[in-house]
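Quick note on labels: first sequence line is chain A, next is B, and so on, each numbered from 1.
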There are 2 protein chains.
Amino acid sequence: MGTVERRERQRAEVRAAILRVAREMVVREGFEGLTMRKLAEAIEYSPAAIYLHFENRDAIARALCLQGFEELLARLEPLRHEPVASRRLRALAGAYVGFGLEHPETYRLLFMTDPKYTTDIFRSSEDAGGRAFQVLVRLAEDLKTQGDAAESMSVVPLAEVLWGAMHGLVSLKLTCPIFPSSSVEALVETLTNLCSRQGAST
Amino acid sequence: MGTVERRERQRAEVRAAILRVAREMVVREGFEGLTMRKLAEAIEYSPAAIYLHFENRDAIARALCLQGFEELLARLEPLRHEPVASRRLRALAGAYVGFGLEHPETYRLLFMTDPKYTTDIFRSSEDAGGRAFQVLVRLAEDLKTQGDAAESMSVVPLAEVLWGAMHGLVSLKLTCPIFPSSSVEALVETLTNLCSRQGAST
DNA sequence: GTCTATAGGCTGATAGAC
DNA sequence: GTCTATCAGCCTATAGAC
C-alpha cells in the first residue's frame, strides 16, 4: 500500500514543477513568452502531459496570479501595524511600488494583462484582493482620524484612490521607463506628503 | 501634368484608409485583434499592399498612438486656462479619466501595451508627451503658489505623481472592472480634494 | 503598384497508440 | 500516464508575376 499516496505525491510534484518553470518563463520573457510547447520542453514532458494537470494555459496563468498576489500581500501586511498613518502610507507605498518594479512581469500579469486575471484576485476564495484592500481602508480611516485627510472624504473612495495612485506609479514606470523621470523614492515621498496634513513632515 | 500630384493624393488616401480601418479594428477588438490579413481584407487590398505604406505592423501601431495621444491632448489643453488650480485639477482629471474610459482600447494601446509605443510619445518630433506634461507641471506650480500643495514639494515629482494618479485610476478601471467600486466622479473628486488645501472645497 | 502564392514560422489543443 | 503525430488555425513578411 502507500502506492496511492506516492502517486499523488508525484502528481503534485509535476504540478509544482510546471508552475515553477512557468513562473520562470514569465519572469524572463513575459506572459506572452509562456507557451505550452516551450513549457513542456522545459519540464521534459510532451505538451500533452501538461493538460493532465491544467485545463489550459489560462488555468496556469490564474495559478501564477494567485501565487504572485500572495507574495505582494505578504509584503504589505506586516506594515499594517505602524500606528502613524502617514508613516504607514509611506511604508506601504514603498513596498507596493518596490514589489512592482522588482517583479515587473509578475506585476504585469497581475494587474496589466487581462481583466479576467485581475478580477479573479478579487473573487478568489482566499479573497487575497479583499485582504489587501482592507489594509488600505484601515489606512484611509486612520489618515482621517489623525487629521491627515479631511473628515469630509469617504473612506472607500479614498482607499481606492490610494491604490490607484500606487498602481499608477508602478505601471507608468513599467510601461514608460523614460517618463516619470523622478526616482521611485522621490515619487513615493511626494505621494506621501500629498496625503499628509502638513504636506511635508513626520 | 498633375499626374504626380494625383498619384500622391491617391497614395495618401490609401494610407489614411489603412489608419482609419486599423483604428476601427483596435477600437472593436483591441490591439491584438489588429492583424495584417484582416486589415487587408477590410480595405479590400492584398496583405502585401499594406507593406507599401507601412514598414510593418509596428509602424501602424505607432501612427495610431500618435493620433490617439493628440486627441487626448486636445481634450486637456483647453482646460489649462482655468485660473483656480484645484478647479483645474478637477477638470483635467475628469477629462483624462473620461478619455481613457471612453476609448479603452486606444488608451490601452497608448499606455498599457508596449513600452516602445509609450516611450515614442515622449520622443516624437511633435513632442506630444512633453506638451501634455507641461500642462501638469504648470498645474503643480500653481497648486503650490495657491497654497494647495506644500511649498516644500518639488514641482516635477508632483506633476508626475498627479499623472500617475490619473493613469492609475484609468488603468485600474480598465483592467479590473469590479475593483474600484466607487464611481469615476467620486474618485476624481477624492483625488482633487486630496490635493487641495482644505481637503474639500472650491 | 498591386496582385497571387507561399515561405516559414508560430500557436493551443487533442486523438489515439503504447 | 505519457507519448507521437497532428489538426486547424493563426501570424508577419516576401518573391515574383503582371
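- In this structure, the CG atom of B:Leu39 is 16 Å from the C1' atom of D:dC10, given to the nearest Å.
- In this structure, B:Thr35 reaches the sugar-phosphate backbone alone: every heavy-atom distance under 4.0 Å involves primed, P, OP1 or OP2 atoms, never a base.
- Tested against B:Lys38 for a salt bridge (Lys or Arg N to Asp or Glu O under 4.0 Å), the candidates B:Glu24, B:Glu32, B:Glu29 yield a single pass: B:Glu29.
- We find that CE of A:Met36 is positioned 17 Å from C1' of D:dC10, with the value rounded to whole Å.
- Between A:Lys173 and A:Phe179 the shortest side-chain heavy-atom distance does not fall below 4.5 Å.
- Around atom CD of A:Glu55, no more than 12 heavy atoms belonging to other residues, nucleotides or ligands sit under 6.0 Å away.
- Within the nucleic acid shown, B:Ala48 comes within 4.0 Å of at least one base atom, counting heavy atoms only.
- Contact annotation: the side chain of B:Arg23 approaches that of B:Thr106 to within less than 4.5 Å [non-hydrogen atoms, C-beta and beyond].
- In this structure, the CZ atom of B:Arg57 is 12 Å from the C1' atom of D:dC10, given to the nearest Å.
- As judged by a 4.0 angstrom heavy-atom cut-off over every strand, B:Ile60 is placed among residues making no nucleic acid contact.
- The aromatic rings of B:Phe31 and B:Tyr117 stand perpendicular to each other, their planes meeting at an angle above 60°, with 30° marking the opposite boundary.
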Would you give me the side-chain donor-acceptor pairs under 3.5 Å for residues 6-14 of chain B, sequence neighbours excluded?
{"from": "B:Arg11", "atom 1": "NH2", "to": "B:Leu52", "atom 2": "O", "distance (Å)": "3.1"}

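- Looking at which nucleotide of DNA chain C each of B:Arg37 and B:Val14 is closest to, the 5′-most match is held by B:Val14.
- Bounding nucleotides for the chain B contact on DNA chain C, 5' to 3', at a heavy-atom distance below 4.0 Å, are C:dG1 to C:dT4.
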